[in-house]
Amino acid sequence: MLQYAVLAILLISQICSADQFSLAPDSNVIKQIVDARLIGNYHKADQLAIQIEAQYPNLTIGYALHLGTLNTRLSWDGSDTRWDKTVANTAKKLLSLCKQPQPTHIQLARSKLDCGTAYFSLSFMAGLRGNLYQAGTNGSKAIDHLENALSLDPDLLEAKLPLGMAYYYADHLPPFVKLFSALLWFIPKGQSDKSLPYIKQVINGSPLYSDSAKFVYADLLLQAQPERPEQALQILTALTEKYPENPRLHLANIAAIVMYDNPVAAKTAINKFFFYCSDEKPLFVFYGRIWQAYVALASGEQLKPATSQKILNRTTESLPAWSRDWLILTQGIILNYSGNKQQAQLKFNQVLNNTDKNNKDWISQQAMLGLRDTPSKPWVPTLD
């Protein structure tokens, strides 16, 4: 589920030093920030973190929390440069604090975790801007600091979530990516045997970050065992029930059901999305309409002309980069079903031209199915 892989950034960027060893903000405020992210209220999360920065300028907690929310914003649309300066300045301040001497191993572990958080944000932003050298350099530093934090305090669950993800992806990258692994921040070394157990420990042992870890766990389960999606789908459905205000969680859940279960079964999830999120930003609603169209065709239903036209008229320029091929694919499916096969083939080929030949994803697989369609039988989306 390539178009929702970015949502994982939302979850790993929940990491921060939730406990401080000196005067610190109320733990309820910290929980409010994490909860605000999970329901999708990033403005509230930002403002609360900024208040902590102002009230406790010499503690790391506010800056770490602020970076987590900024990462979450960027994970939706990495082309949005409005936050670049704030990310850089906040990470710089966090690094200046986390590098100060610490009197105990436990406090030093927390400082390493904070430094890892800062370097992660800098790496993420550099990668979004195409600066692979800075992304690799800062990413390696992030991993080193997180591993050091865990070696100093093996019970530091906040460090196990990003490391669990890194270990998994390090062992499951396509060969062409591994050739350039020295440049990629997320490949310290392959230890995928630790990945799922680490994340499971966060689920079971960290009330603050348990729900964040659940999403990551479900995502990795779907990739590791796509033929057995039941547990992952249960987790995702439960998260949408717990945080129904967050449209991004709903859309991720719908995608998982379509890709790993059955398009028809996604109808319930789509209806729930529109029940809770019909007054959300127009872009979220538009994505809901795309899934609605896809599932309708997979169910053998007719699309409303107005819905078809809205999707066909939409251009990719104003969309986050991760969703552009998804739109083009859906346009191709609608054109194909309506009998305009020549234009549909152009759309499917456009998707494939944008896809790395060594790393085919679900979207490109659907485009290939569209190209194999026969003139006598209209192709509609399936899981075959």
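- Pairing each heavy atom of Leu146 with each of Ala159, the nearest pair is O-CB, 4.0 Å.
- Contacts classified as salt bridge (Lys or Arg N to Asp or Glu O under 4.0 Å) and involving residues 61-72 (residues at least two apart or in different chains) are not found.
- Between Leu329 and Phe348 the shortest heavy-atom distance is O-CE2, 3.9 Å.
- Pairs engaging residues 289-302 under the salt bridge (Lys or Arg N to Asp or Glu O under 4.0 Å) rule: Lys267-Glu301 [sequence neighbours left out].
- For Arg228, the salt bridge (charged side-chain N to carboxylate O under 4.0 Å, His left out) criterion is met by no residue, not counting sequence neighbours.
- Contacts of Lys141 classified as salt bridge (charged side-chain N to carboxylate O under 4.0 Å, His left out), with partners at least two apart in sequence or in another chain: none.
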Pair Asn313, Gln309 - check side chain to side chain donor-acceptor pair (under 3.5 Å), show working. CA-CA 6 Å; Asn313 290 343; Gln309 210 54 49; 3.2 Å; yes
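- Using a cut-off of 4.0 Å between Lys/Arg side-chain N and Asp/Glu carboxylate O, Lys242 and Asp211 are scored as salt-bridged.
- For Asp153 and Lys112, the salt-bridge test fails: no basic side-chain N is under 4.0 Å from an acidic carboxylate O.
- Considering only residues two or more places apart in sequence or on other chains, Tyr243 meets the ring-ring contact (aromatic ring centres under 6.0 Å, His included) condition with none of them.
- Closest of all the heavy-atom pairs between Ile52 and Pro25 is CG2-CG, 3.8 Å.
- Among residue pairs with one or both ends in residues 309-327, none qualify as salt bridge (Lys or Arg N to Asp or Glu O under 4.0 Å); sequence neighbours excluded.
- Not counting sequence neighbours, the partners of Asp84 by the salt bridge (charged side-chain N to carboxylate O under 4.0 Å, His left out) test are Arg129.
- Atom NE2 of His145 and atom CD1 of Ile143 lie 12.0 Å apart (nearest 0.5 Å).
- When only modelled atom types and interatomic distance are considered, Thr330 and Tyr294 share no side-chain donor-acceptor pair under 3.5 Å.
- With sequence neighbours excluded, no residue forms a salt bridge (charged side-chain N to carboxylate O under 4.0 Å, His left out) with Asp77.
- Applying the side chain to side chain donor-acceptor pair (under 3.5 Å) criterion to Gln201, with sequence neighbours excluded, gives Lys160.
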Please assess Ser323 against Tyr287 for the test side chain to side chain donor-acceptor pair (under 3.5 Å), listing each intermediate value before the final yes or no. CA-CA 9 Å; Ser323 68; Tyr287 287 146; 2.6 Å; yes
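- Grouping Ile, Leu, Val, Met, Phe, Trp and Tyr by side-chain contacts under 4.5 Å, direct or through others, puts Leu152 with Leu108.
- Taking the side chain as every heavy atom from C-beta outward, Trp322 and Trp76 approach each other to under 4.5 Å.
- Residues Leu95, Leu122 make up the rest of the hydrophobic cluster containing Tyr119, defined by ILVMFWY side-chain heavy atoms closer than 4.5 Å, directly or through other members.
- Side chain to side chain, Thr104 and Gln107 meet the donor-acceptor criterion of an N or O pair below 3.5 Å.
- Donor-acceptor pairing under 3.5 Å is recorded for the side chains of Asp114 and Thr60.
- The structure places SG of Cys115 at 13.5 Å from CZ of Arg110, a figure rounded to the nearest 0.5 Å.
- Sorted by first and then second residue, the salt bridge (Lys or Arg N to Asp or Glu O under 4.0 Å) pairs with a member in residues 85-102 form an empty list; sequence neighbours excluded.
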